[in-house]
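To keep things clear, I will list the structure first and then write my remarks on it.
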Amino acid sequence: MNIAIVHNVTEESKKVAKKLTTMLQKEAFNLVTSFPDIVISVGGDGTLLSAFHRYAHMLDSVRFIGVHTGHLGFYTDWREYSLDELVSSLKQDTGESVEYPLLDVEVKYRNSNEIKHFLALNEATIKRVDGTFVGDVYIREEQFERFRGDGLCVSTPTGSTGYNKSIGGAVLHPRLEALQLTEIASLNNRIFRTLSSPMVIAPDEWIKIKPIETDDFSLTIDQFVSNEEGVEHLEFRIAKERIRFARYQHTHFWNRVEDAFLGAKTKLNE
Ligand code: NAP
């Protein structure tokens with residue numbers, strides 16, 4: 001089995017990655033950087049996002065594992081003190097995995113035939129800081145509303161606990177096949193009216209956004225930013241690709257949410 005390890009720059013992550021490398025080599029696993037069967041990220045959710053983008057061209061053949069060196073993350077299951085258990089699970093691997101939806105973003109330009117595609121694990125956002133972003137929002141091919149505000153965010157179920165949550169979006173269970181559209185500081189007055197609440201669309205629907213008046217804006221794909229001009233429209237749909245995690249142990253999703261956002265259990269009767 002070929003294994004790649006991706007870690008962040010903290011001393012703790014470097015130490016854990018080094019220890020894991022030694023343990024895996026002792027068990028005769030091949031440590032590689034190209035064409036891994038398994039990618040192990042050591043760090044936080046941000047590290048897993050980087051690992052995902054590094055290997056996004058080979059999602060059919062790769063599975064991911066997250067070792068967290070900080071607090072419990074959403075993409076990270078393992079701790080540095082359970083590395084023995086992780087290595088023994090890898091030795092007994094039978095290819096088990098759990099997979100989650102990804103977001104496909106298509107950008108079509110006005111004065112060229114060029115079409116760009118991006119794949120996001122968490123979300124894509126359209127943002128403008130220099131004035132407001134104005135755009136027509138379509139669900140499938142039907143116009144739904146005209147948006148004016150700072151921007152819009154389309155997130156995956158696993159990305160719903162990231163930026164989406166900070167802007168008032170709902171937390172979605174990652175087994176749902178859905179995308180969520182969340183507004184970023186929409187203007188609502190007698191002239192501009194938006195739904196003003198997050199929307200969750202069905203698997204066979206897509207969101208189309210046509211910029212109006214505004215020619216330049218930032219498009220973010222997870223941690224990456226692209227400055228766009230001359231965009232005719234953007235389409236957001238569930239990608240045909242999926243991310244697969246090697247699943248040897250399971251943390252219940254709502255326990256993860258509770259641990260990350262609420263901390264110690266709240267005793268309702270106290
Ligand atoms: P960053 O700005 O260094 O860190 C953003 C924080 O978001 C980190 O604490 C990271 O967790 C956490 N995070 C990432 N994905 C998450 C998920 N699916 N659920 C819950 N928390 C998540 O950026 P980064 O580490 O490169 O990650 C980029 C992501 O950060 C974006 O995709 C976006 O979702 C999120 N973000 C959030 C805000 C906000 O909430 N206001 C602003 C910008 C970006 P770890 O500490 O475990 O790495």
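In what follows, residues are counted from 1 in the order of the sequence shown. Start at 1 and go down the list; that is how both ligands and their atoms are numbered.
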Original post:
Is there a donor-acceptor pair closer than 3.5 Å between any side-chain N or O of Q249 and the backbone N or O of D77?
Top reply: yes
Original post:
So which protein heavy atom does atom 20 (C) of ligand 1 come closest to, and at what separation?
Top reply: T161 O, 3.1 Å
Original post:
What do we get for K165 next to ligand 1 when only non-hydrogen atoms under 4.0 Å count, side chain, backbone, both or neither?
Top reply: neither
Original post:
To the nearest 0.1 Å, how far is atom 32 (O) of ligand 1 from its closest protein heavy atom, and which atom is that?
Top reply: E123 OE2, 2.6 Å
Original post:
Between R244 and D60, is there a salt bridge with N-O shorter than 4.0 Å?
Top reply: no
Original post:
Looking only at heavy atoms, what is the nearest atom pair of A239 and L119, with distance?
Top reply: CB-CD1, 3.5 Å
Original post:
Less than 4.0 Å between atom 40 (O) of ligand 1 and some protein heavy atom, yes or no?
Top reply: yes
Original post:
Going by the atom numbers of ligand 1, which of them fall below 4.0 Å from some non-hydrogen atom of S166?
Top reply: 39 (C), 40 (O), 41 (N)
Subject >> Option nearest atom 43 (C) of ligand 1 (shortest heavy-atom distance, choices F224, Y75, Y163) >> reply: Y163
**OP:** Establish, from distance only, whether the side-chain atoms of E96 and T94 form a donor-acceptor pair under 3.5 Å.
**Re:** yes
Original post:
Take atom CG in D204; do more than 12 heavy atoms of anything else shown fall under 6.0 Å from it?
Top reply: yes
**OP:** May I ask you to check whether F261 has an N/O atom sitting below 3.5 Å from an N/O atom of ligand 1?
**Re:** no
Original post:
Of all the non-hydrogen atoms in the protein, which one sits nearest to atom 26 (O) of ligand 1, and at what distance?
Top reply: Q223 CB, 3.3 Å
Original post:
With respect to atom 29 (C) of ligand 1, which of L49, N164, D45, L48 exhibits the smallest heavy-atom separation?
Top reply: L49
Subject >> Any N/O pair T47/ligand 1 closer than 3.5 Å >> reply: no
Subject >> Evaluation steps, side chain to side chain donor-acceptor pair (under 3.5 Å), between N2 and N30 >> reply: CA-CA 5 Å; N2 294 332; N30 297 324; 2.9 Å; yes
